[in-house]
Amino acid sequence: MTEKQTWSQRFESALHPAIARFNASISFDIELIEYDITGSQAHAKMLAHTGIISHEEGEALFNGLEQVRQEYRQGQFQPGVDAEDVHFAVEKRLTEIVGDVGKKLHTARSRNDQVGTDTRLYLRDQIQQIRQQLRDWQTVLVDIAEKNVETLIPGYTHLQRAQPVSLAHHLLAYFQMAQRDWERLEDVYSRVNISPLGCGALAGTTFPIDRHYTANLLHFDNVYANSLDGVSDRDFAIEFLCAASIIMVHLSRLSEEIILWASEEFRFITLKDSCATGSSIMPQKKNPDVPELVRGKTGRVFGHLQAMLVIMKGLPLAYNKDLQEDKEGIFDSVNTVKACLEAMTILLQEGLEFRHQRLATAVTEDFANATDVADYLAARGVPFREAYNIVGKVVKTSIAAGKLLKDLHLEEWQEIHPAFAADIYEAITPRQVVAARNSYGGTGFLQVRQALINARTQLSVK
Ligand code: ARG
């Protein structure tokens with residue numbers, strides 16, 4: 001390294017080039033540059049406001065920082081590895097622009113409270129963007145659900161056909177997961193949005209700073225009460241990564257279903273050309289790459305959560321350079337969640353079609369109405385457990401005879417139990433099986449219609 005370091009004269013020789021590269025975070029923390037500038041502008045204003053520097057100096061710093069921002073946006077300022085990190089890079093360029101007064105910017109702060117401030121400002125923005133994307137995602141789910149209240153689809157437990165459900169009900173399950181994701185991020189936001197600025201290196205500062213002043217300028221809700229905690233806390237990042245991981249869990253579950261539905265074995269959907277890819281060797285293939293990638297990318301977000309937990313475990317107070325390792329995982333998780341939400345929203349909106357004919361057949365070709373036969377008897381006074389056993393036998397003999405329940409003659413029903421009457425046939429049609437589950441939160445059409453209204457109301461909350 002040719003140039004001398006930004007740190008003190010205590011150092012006699014320059015860093016070994018490989019160590020400089022090892023130490024540097026500029027290749028990734030450049031992502032924070034605009035937040036770094038905004039944070040520094042607030043700090044400069046506070047220094048002037050409290051009389052630590054003059055108003056002219058404060059203004060020179062503020063405007064110089066704005067110039068750094070513009071130069072960066074126009075591609076004229078591209079700091080390299082010699083800058084070590086984004087904080088040094090901005091300060092150095094500022095000093096080139098405004099001269100010696102630039103050297104006053106770092107009065108009464110440390111890179112430790114600075115980087116904590118930047119990361120929170122970044123995450124705050126990203127959380128709001130992801131929450132908006134969740135809203136778009138939820139909107140698409142409700143849009144499709146509204147058109148498919150009466151579309152029936154086999155419902156599964158253990159991946160075995162269990163009872164048919166309304167397709168809308170199925171999609172609304174994912175709507176509710178996304179709703180909790182949206183609420184969870186709001187909660188995480190409240191702990192991200194606390195200012196560590198002014199905590200200094202670890203113990204506060206000798207200058208008469210005003211931490212609430214900078215917090216207000218930066219729209220933080222509060223300030224960290226303890227300086228050691230303020231500079232070394234990464235709970236907020238762990239919480240975010242946890243919320244991000246849960247979003248990915250939800251997206252990966254629907255992804256898996258879409259992959260199954262698109263298979264020849266299910267044939268519940270067709271993938272449209274705009275969202276599917278071909279094989280380089282098998283000309284007949286159309287692959288569900290989008291949901292497969294979402295399912296696959298879920299792993300990396302979990303990995304970042306795990307990494308952050310391990311980085312923090314056993315870390316003594318206060319700042320340790322280990323904390324520089326927080327950023328790539330946060331950035332990658334943010335980018336991954338955003339990309340997955342966007343891709344899944346497009347996929348659902350325009351990339352697949354439900355095969356209504358096939359779904360209608362699917363719900364009639366099995367014994368998914370067996371519970372309803374048991375319920376039929378139970379409603380006519382037969383204790384449920386007894387009814388359950390009777391129907392078990394019916395299913396067994398039907399399978400042996402190669403028949404479905406709807407194919408049994410009335411005499412056959414009545415041989416099984418005298419309580420059966422002609423209305424058994426209506427009771428076991430897939431439509432009736434679904435309609436009858438009218439308990440709160442169930443798949444009955446009345447419930448689903450109400451759930452759709454409730455979903456629209458939930459969506460109207462900004
Ligand atoms: N690049 C550093 C980080 O990301 C900035 C803080 C450096 N602080 C220090 N005491 N070396 O954590």
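When a ligand or atom number is given, it counts from 1 through the structure's own listing order. Treat the numbers as computed from the prediction; the structure is a model and nothing was measured.
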Given that the side chain starts at C-beta and the backbone is N, CA, C, O, which of these parts of H87 lies under 4.0 Å from ligand 1, counting heavy atoms, or is it both or neither? side chain
Starting from atom 4 (O) of ligand 1, find the nearest protein heavy-atom neighbour and note its residue, name and distance. K327 NZ, 2.6 Å
Got a sec: does the NE2 of H212 have more than 12 other heavy atoms crowding it under 6.0 Å? no
Tell me if the centroids of the rings in W137 and Y174 come within less than 6.0 Å of each other. no
Looking only at distances, can you tell me whether any N or O atom of K321, backbone or side chain, sits closer than 3.5 Å to an N or O atom of ligand 1? no
Does ligand 1 have a heavy atom under 4.0 Å from the side chain of Q114, from its backbone, from both, or from neither? neither
Can you tell me the protein heavy atom closest to atom 8 (N) of ligand 1 and the distance? N112 OD1, 2.8 Å
What do you reckon, is NZ of K45 surrounded by more than 12 foreign heavy atoms closer than 6.0 Å? no
May I ask you to check whether over 12 heavy atoms, not counting those of R253, lie within 6.0 Å of atom CZ? no
Measure the shortest side-chain to side-chain distance between Q76 and Q70 over non-hydrogen atoms and say whether it is less than 4.5 angstrom. no
Atom 6 (C) of ligand 1: nearest protein contact (heavy atom, Å): Y319 OH, 3.4 Å
Looking only at protein heavy atoms, which one is nearest to atom 11 (N) of ligand 1, and how far off is it? R111 NH2, 3.3 Å
Quick test: of every protein heavy atom, which one is nearest to atom 5 (C) of ligand 1, and how far off is it to 0.1 Å? D85 OD2, 3.6 Å
Sort out for me which residue in D326, T119, D322 forms a side chain to side chain donor-acceptor pair (under 3.5 Å) with R234. D326
Within less than 4.0 angstrom of ligand 1, does E84 place any heavy atom? no
